[in-house]
Amino acid sequence: MRLVFAGTPAVAVPSLRALASGPHDVVAVVTRTDAPLGRKRVLTPSPVAKAADELGLPVVKTDRLDADATARIAALEPELGVIVAYGGLVREPLLSTPAHGWINLHFSLLPRWRGAAPVQRALMAGDPVTGASVFQLVAALDAGDVFAEERYEVPTGATSADVLDALAEIGAPLLARVVDTIADGTAVAVPQVGEPTLAPKLTLDDGALDLTRDAAALLHQIAGVTPEPGAHTLFEGARFKVLRASASDASPIPPGRVVASGKEVLVGTGTAPLRLDSVQPAGKGAMNAGDWLRGLRVDQPVLGA
């Protein structure tokens with residue numbers, strides 16, 4: 001088949017490579033325009049754009065799938081559209097432009113976690129299992145019939161970045177197999193079953209830690225918001241980032257109080273303390289929590305104020 005692929009971040013690259021190495025013809029790769037990155041704000045192509053260039057595939061850069069983008073894609077006469085984390089909505093008439101419409105690789109077990117941040121929201125909720133789904137794109141948000149899915153058990157201590165990377169690798173061959181079945185006429189999609197949950201894009205507030213909460217809930221939150229937008233609290237009135245934390249079986253200490261216990265740095269929560277592994281104080285780089293604590297002139301530091 002003639003395919004159009006739409007995607008932007010690094011997690012979409014394994015799927016693009018899988019399709020490009022298969023029997024189908026990727027006639028165009030649609031991705032968002034170059035974005036300013038780094039301190040110098042250098043305009044940089046998306047990971048998908050870079051991969052497409054390496055593969056020798058034509059690229060359409062656009063931040064909106066508007067009338068102009070629709071016309072450019074329609075002129076290529078695609079038989080199927082494939083989308084993986086493009087970062088924009090496919091609406092009519094583009095939705096119906098390919099003969100077989102569009103399919104989407106989504107990083108959750110639908111209908112759980114429909115939306116822009118399914119992995120992050122799954123980890124924040126403490127889901128022990130998530131996965132990848134390939135479904136038929138429809139006008140309603142992530143609501144189409146599902147062709148295939150694969151479950152994934154979330155490893156202890158995994159962050160959203162870790163899980164996204166794993167699902168990108170798991171999802172690529174899953175997506176390629178669905179494309180093959182659509183091409184040979186054997187594809188079967190089934191309606192989603194169950195109560196949908198939504199996964200809106202994270203904001204900075206989603207990373208704000210309330211250290212009076214349960215320790216397990218805080219660990220779920222930290223995992224979900226790492227690396228973006230990042231877990232943070234306050235120390236001496238300035239933002240203090242918690243980059244890595246883990247469970248501890250130490251005796252309770254007051255929420256926010258930081259203490260040294262042997263080689264460990266503990267912070268109190270509403271239940272058991274958490275072990276701080278890696279932190280980033282305001283105006284400084286990432287550092288070991290023990291190095292941060294030893295460098296303080298405060299006897300009993302408290303986070304959250």
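Since the model is a prediction, treat every value here as computed from it, not as a measurement.
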S.K.: With sequence neighbours left out, what residues match Ser96 under side-chain contact (heavy atoms from CB on, under 4.5 Å)?
M.R.: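 Partners of Ser96 under the side-chain contact (heavy atoms from CB on, under 4.5 Å) test: Glu92.
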
S.K.: Verify whether one side chain among His24 and Asp180 offers a donor that lies under 3.5 Å from an acceptor in the other.
M.R.: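 Per modelled atom types, His24 and Asp180 side chains form a pair under 3.5 Å.
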
S.K.: Within a radius of less than 6.0 Å around CD of Glu150, do more than 12 heavy atoms belonging to other residues, nucleotides or ligands occur?
M.R.: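 Above 12, so yes.
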
S.K.: Is there a donor in the side chain of Thr186 and an acceptor in the side chain of Asp184, or the other way round, less than 3.5 Å apart?
M.R.: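 Asp184 and Thr186 do have a side-chain donor-acceptor pair below 3.5 Å.
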
S.K.: List the atom pairs, donor and acceptor, that lie under 3.5 Å between side-chain atoms in residues 50-59 and the rest of the protein, sequence neighbours left out.
M.R.:
residue, atom, partner, partner atom, Å
Glu54, OE1, Arg17, NH2, 2.8

S.K.: Mind running salt bridge (Lys or Arg N to Asp or Glu O under 4.0 Å) on Arg2 and Glu79 for me, showing each step along the way?
M.R.: CA-CA 5 Å; Arg2 293 171 60 82; Glu79 295 169 86; 5.5 Å; no

S.K.: Restricting to salt bridge (charged side-chain N to carboxylate O under 4.0 Å, His left out), what partner residues turn up for Asp66, sequence neighbours left out?
M.R.: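 Result, salt bridge (charged side-chain N to carboxylate O under 4.0 Å, His left out) vs Asp66: none returned.
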
S.K.: For residues 3-12, which residue pairs qualify under salt bridge (Lys or Arg N to Asp or Glu O under 4.0 Å), counting only residues two or more places apart or in two chains?
M.R.: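 Qualifying pairs: none.
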
S.K.: Just to verify, what does Tyr86 make a ring pair (Phe, Tyr, Trp, His ring centres under 6.0 Å) with, not counting sequence neighbours?
M.R.: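 With sequence neighbours excluded, Tyr86 shows a ring pair (Phe, Tyr, Trp, His ring centres under 6.0 Å) to no residue whatsoever.
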
S.K.: The criterion is side-chain contact (heavy atoms from CB on, under 4.5 Å); which residues satisfy it with Leu219, sequence neighbours excluded?
M.R.: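 Once residues adjacent in sequence are excluded, the partners of Leu219 under the side-chain contact (heavy atoms from CB on, under 4.5 Å) criterion are Ala245, Ala247, Leu274.
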
S.K.: For Asp206, is there an ion pair with Arg121 - N to carboxylate O distance below 4.0 angstrom?
M.R.: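 Salt bridge flag = yes for Asp206 with Arg121.
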
S.K.: Can you tell if the side chain of Val258 reaches within under 4.5 Å of the side chain of Val302, non-hydrogen atoms only?
M.R.: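 No, too far: nothing below the 4.5 Å cut-off.
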
S.K.: Among residues at least two apart in sequence or on other chains, which ones pass ring pair (Phe, Tyr, Trp, His ring centres under 6.0 Å) with Trp292?
M.R.: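 Only Phe235, Phe240 meet the ring pair (Phe, Tyr, Trp, His ring centres under 6.0 Å) criterion with Trp292.
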
S.K.: What residues, two or more places apart in sequence or in another chain, satisfy side-chain contact (heavy atoms from CB on, under 4.5 Å) together with Ala143?
M.R.: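 Partners of Ala143 by the side-chain contact (heavy atoms from CB on, under 4.5 Å) criterion, ordered by chain and then number, come out as Arg114, Val138, Ala140.
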
S.K.: Got a list of side-chain donor-acceptor pairs under 3.5 Å for residues 165-177, not counting sequence neighbours?
M.R.:
none

S.K.: Who are the salt bridge (charged side-chain N to carboxylate O under 4.0 Å, His left out) partners of Arg32, not counting sequence neighbours?
M.R.: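 By the salt bridge (charged side-chain N to carboxylate O under 4.0 Å, His left out) rule, Arg32 matches Asp63.
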
S.K.: List in chain and number order the residues that pass salt bridge (charged side-chain N to carboxylate O under 4.0 Å, His left out) with Arg213, two or more places apart in sequence or in another chain; answer none if no residue qualifies.
M.R.: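 Salt bridge (charged side-chain N to carboxylate O under 4.0 Å, His left out) check on Arg213 returns nothing, list empty.
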
S.K.: Could you pull out all residues at least two apart from Arg239 that satisfy side-chain contact (heavy atoms from CB on, under 4.5 Å)?
M.R.: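 Per chain and number, Arg239 pairs via side-chain contact (heavy atoms from CB on, under 4.5 Å) with Leu204, His232.
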
S.K.: Side chains of Thr130 and Asp127: is there a donor and an acceptor less than 3.5 Å apart?
M.R.: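 On atom types as modelled, these side chains do not qualify, holding no pair under 3.5 Å.
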
